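This report concerns only the one structure given below.
Only heavy atoms go into these numbers, but all of them, side chains included; no hydrogens, no water, no symmetry mates. Everything numeric here is computed off the predicted structure, so don't read it as measured data. Residue numbers begin at 1 in each chain, while the letters A, B, ... track the order of the sequences.
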Number of protein chains: 2
Amino acid sequence: MPTRFPPDYYINGILDGDRLRLSRAITLIESRRVDDQELAQNVLEALLPKTGNSIRIGITGVPGVGKSTFIEAFGTYLTTLGNKLAVLTIDPTSQRSGGSLLGDKTRMETLSMNSSAYIRPSPAGDSLGGVAHRTRETMLLCEAAGFDVILVETVGVGQSETVVHGMVDFFLLLMLAGAGDELQGMKRGIMELADALAITKADGENVSAATRARVEYQNALHLFPPTDSGWIPPVLTCSALTNVGIIDVWQTVQTYQQLTTQNGSRVLRRQEQQLTWFRSLLRQGLERQFYEEPNLHQQLLALEAQIRSGTLLPAPAVQKLLRSNLHSR
Amino acid sequence: MPTRFPPDYYINGILDGDRLRLSRAITLIESRRVDDQELAQNVLEALLPKTGNSIRIGITGVPGVGKSTFIEAFGTYLTTLGNKLAVLTIDPTSQRSGGSLLGDKTRMETLSMNSSAYIRPSPAGDSLGGVAHRTRETMLLCEAAGFDVILVETVGVGQSETVVHGMVDFFLLLMLAGAGDELQGMKRGIMELADALAITKADGENVSAATRARVEYQNALHLFPPTDSGWIPPVLTCSALTNVGIIDVWQTVQTYQQLTTQNGSRVLRRQEQQLTWFRSLLRQGLERQFYEEPNLHQQLLALEAQIRSGTLLPAPAVQKLLRSNLHSR
């Protein structure tokens, strides 16, 4: 087991912008050990008044869309403006090992050498709720450490997008231009989560296809209901190779921040996000308590098989489970 | 309290297609009394082998889109083909009184006089899970009673659409043509649930606007990922006044049925729906047990206020709640 320090070690370190102590605190957050969790919550609680001041941006897109190169270009631009940037990546396929860290570092070579940027991959672990839990709290630690912009990257094919959408101010969907290929593997429903679409790789021979795609998606999105904040998601094109359009993405984020500051919808969105997170953690906690019951998992699998085959209805199955659980207490 | 009968009264009545007994059984399903629920579950269990043979269609759209008149025209057409039709409507604003029944009956005058059609409004009660629960089981009773097509209508502005999408084979979204008006009050995300869109009121001076809207939405939907079954949702126009396009809606449903029968996706979708229903009931059951604890509600509200104001993090709040609940057992 790695060395643990008293809370102040992490708290003061983070407030001083000490990267090593920040990283160690994140490791605590990600730990499953009960004492680590307790320590991590103490650290978080002390830092809570220093959180909430960054712009939180979620970035997603299917594999191949160029998320890493986009983040390199976008992130580097943000640091040239004087911003301190944290990049949190969630990879559902990654293991809880140093390999993924290395992989991500390699993916963002320029940014990882940039002293104004901090890159931290989040191992997804075994539950999406867990992802949300750890990534949200990691985000708070980064805010307390003084980062101005936090990018949360997901792979865009699973359920993690909904989770990430539930923790950021602005959700950016990266897309490819090309005859239908841009939809390969994309999850249905994800487009209606986006606060903006950006067509990537808009360079060289691709420019005209990207521009065409931009117009098509822009027309399409106008046919969809606006977001709660009254914002109609724009569609942009950009190139991480030529840097064309990268500034526009940032300007879009800033326009959105202005709108949602003025109409108060960002504060509301964040409050709602906190409450939703709370309720989802509570539900998970209740389920965990429930499933601790021995034999319950077997019983559950047997009932699910009957339900799937159409020989048992959900309501009586639930009754059976809840009753046998109560009796065994 | 109304009279209750032994299970066979309902079971045999429903299998004989007796409307009165079917209605009485649905009243049992909707009852909150424990003995009614037990009786209802016995009836359902006996009828289970006779269920699953109808085409289940969800219909939604914002108020003013013409859902009732569409269902009148569409339903009447279905009965002329020899189908027996059940229409279940969910109205979140309705009370558990006869008023809503009368209201719905009046709304669908022709269909309510049609001996091949059966109309049943579902009062929404106080929880959407409840809606799902009762409407799903009502649907099963109607299947056992021999109805070939079941239409489940929702108002298209709240969360009930997701719930209804989770219980039907085919989800139809009705829309108005008109400069942006068609999006008034529509819930974001609902379009990606639709298996087909139908632009209503495509008659008289409205025809060209409806046709234009059809083309626009068709182009837009092509830019979205296909559904799991590989189906690209088509966009239709129809008029309940002239009946033009009503046949096309039915042909679309049938084409979809063929596809999803052939590729097996309907069976999978139904199995998934059952399991999702089961898990959601189980979660509700666990939460109900939890919230039975006295003082818990007050405690919850206090914690939520702290979370909203940003002075408490969700994870420690959940720990407090779960611990105090365990201690009080």
Side-chain angles (χ1 to χ4, degrees), chain A residues 37 41 44-45 48 51-52 133 136-137 140 182-183 185-193 213 216-217 219-221 223-228 270-271 274-275 277-287 289-290 303-304 307-319 321-322 326 329, chain B residues 37 41 44-45 48 51-52 133 136-137 140 182-183 185-193 213 216-217 219-221 223-228 270-271 274-275 277-287 289-290 303-304 307-319 321-322 326 329:
Chain A
Q37 272 304 311
Q41 291 302 328
L44 262 174
E45 214 170 307
L48 197 53
T51 64
H133 193 151
R136 276 174 210 273
E137 293 178 344
L140 294 177
E182 70 273 27
L183 300 177
M186 185 177 289
K187 205 190 145 240
R188 208 171 154 77
I190 197 172
M191 286 183 57
E192 299 206 33
L193 294 178
E216 282 173 2
Y217 278 106
N219 289 340
L221 288 178
L223 295 171
F224 284 64
T227 64
D228 291 341
R270 286 190 174 184
Q271 285 181 352
Q274 288 289 99
L275 283 179
W277 175 21
F278 168 63
R279 284 169 195 148
S280 126
L281 282 182
L282 182 58
R283 243 187 339 255
Q284 285 171 45
L286 286 174
E287 288 183 5
Q289 277 186 0
F290 179 67
L303 290 174
E304 287 196 347
I307 289 166
R308 199 180 261 117
S309 72
T311 56
L312 178 65
L313 281 168
V318 167
Q319 266 195 333
L321 264 185
L322 291 182
L326 272 183
R329 275 183 201 278
Chain B
Q37 272 305 311
Q41 291 300 328
L44 262 174
E45 211 171 310
L48 198 51
T51 65
H133 194 154
R136 275 173 210 273
E137 293 178 343
L140 295 177
E182 70 272 26
L183 300 177
M186 184 177 287
K187 205 189 145 244
R188 209 170 154 77
I190 197 172
M191 286 183 58
E192 299 205 34
L193 295 176
E216 283 173 1
Y217 278 106
N219 288 341
L221 288 178
L223 295 172
F224 284 63
T227 63
D228 290 342
R270 285 189 174 186
Q271 285 181 352
Q274 289 288 99
L275 282 179
W277 175 20
F278 168 64
R279 284 167 195 152
S280 126
L281 282 181
L282 182 57
R283 237 181 350 247
Q284 286 170 46
L286 287 174
E287 289 184 2
Q289 278 185 359
F290 179 67
L303 291 173
E304 287 197 346
I307 289 166
R308 199 180 261 117
S309 71
T311 56
L312 180 66
L313 280 168
V318 166
Q319 265 195 334
L321 265 184
L322 291 182
L326 272 182
R329 275 184 201 278

Verdict with reasoning, B:Asn219 to A:Asn219, per side chain to side chain contact (heavy atoms under 4.5 Å, CB included): CA-CA 9 Å; B:Asn219 288 341; A:Asn219 289 340; over 6 Å; no
Stepwise side chain to side chain contact (heavy atoms under 4.5 Å, CB included) test for A:Leu275 and B:Ile307: CA-CA 7 Å; A:Leu275 283 179; B:Ile307 289 166; 4.2 Å; yes
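When heavy atoms are compared at a cutoff of 4.5 Å, A:Leu313 approaches chain B by way of both its backbone and its side chain. Residue A:Thr311 touches chain B through its backbone alone, counting heavy-atom pairs closer than 4.5 Å. Neither the backbone nor the side chain of A:Arg270 comes within less than 4.5 Å of any heavy atom of chain B. Using a 4.5 Å cut-off between heavy atoms, A:Leu312 touches chain B through its backbone atoms (N, CA, C, O) alone.
In this structure, B:Ala220 and A:Leu223 approach most closely via the heavy-atom pair CB-CD1, 3.8 Å. Of all the heavy atoms in B:Pro314 and A:Phe278, the pair that sits closest is CB-CA, 3.7 Å. Between B:Leu282 and A:Leu322, the shortest heavy-atom contact is CD1-CD2, 4.1 Å.
For chain B, the option among A:Gln271, A:Glu45, A:Gln319 with the highest count of heavy-atom pairs below 4.5 Å is A:Gln271.
To the nearest 0.5 Å, atoms CG (A:Leu221) and CZ (B:Phe224) are separated by 5.5 Å. Atoms CD and CD, on A:Gln274 and B:Glu304 in that order, are 12.0 Å from each other to the nearest 0.5 Å. For the atom pair CD (B:Glu192) and CD1 (A:Ile190), the distance works out to 9.0 Å, reported to the nearest 0.5 Å.
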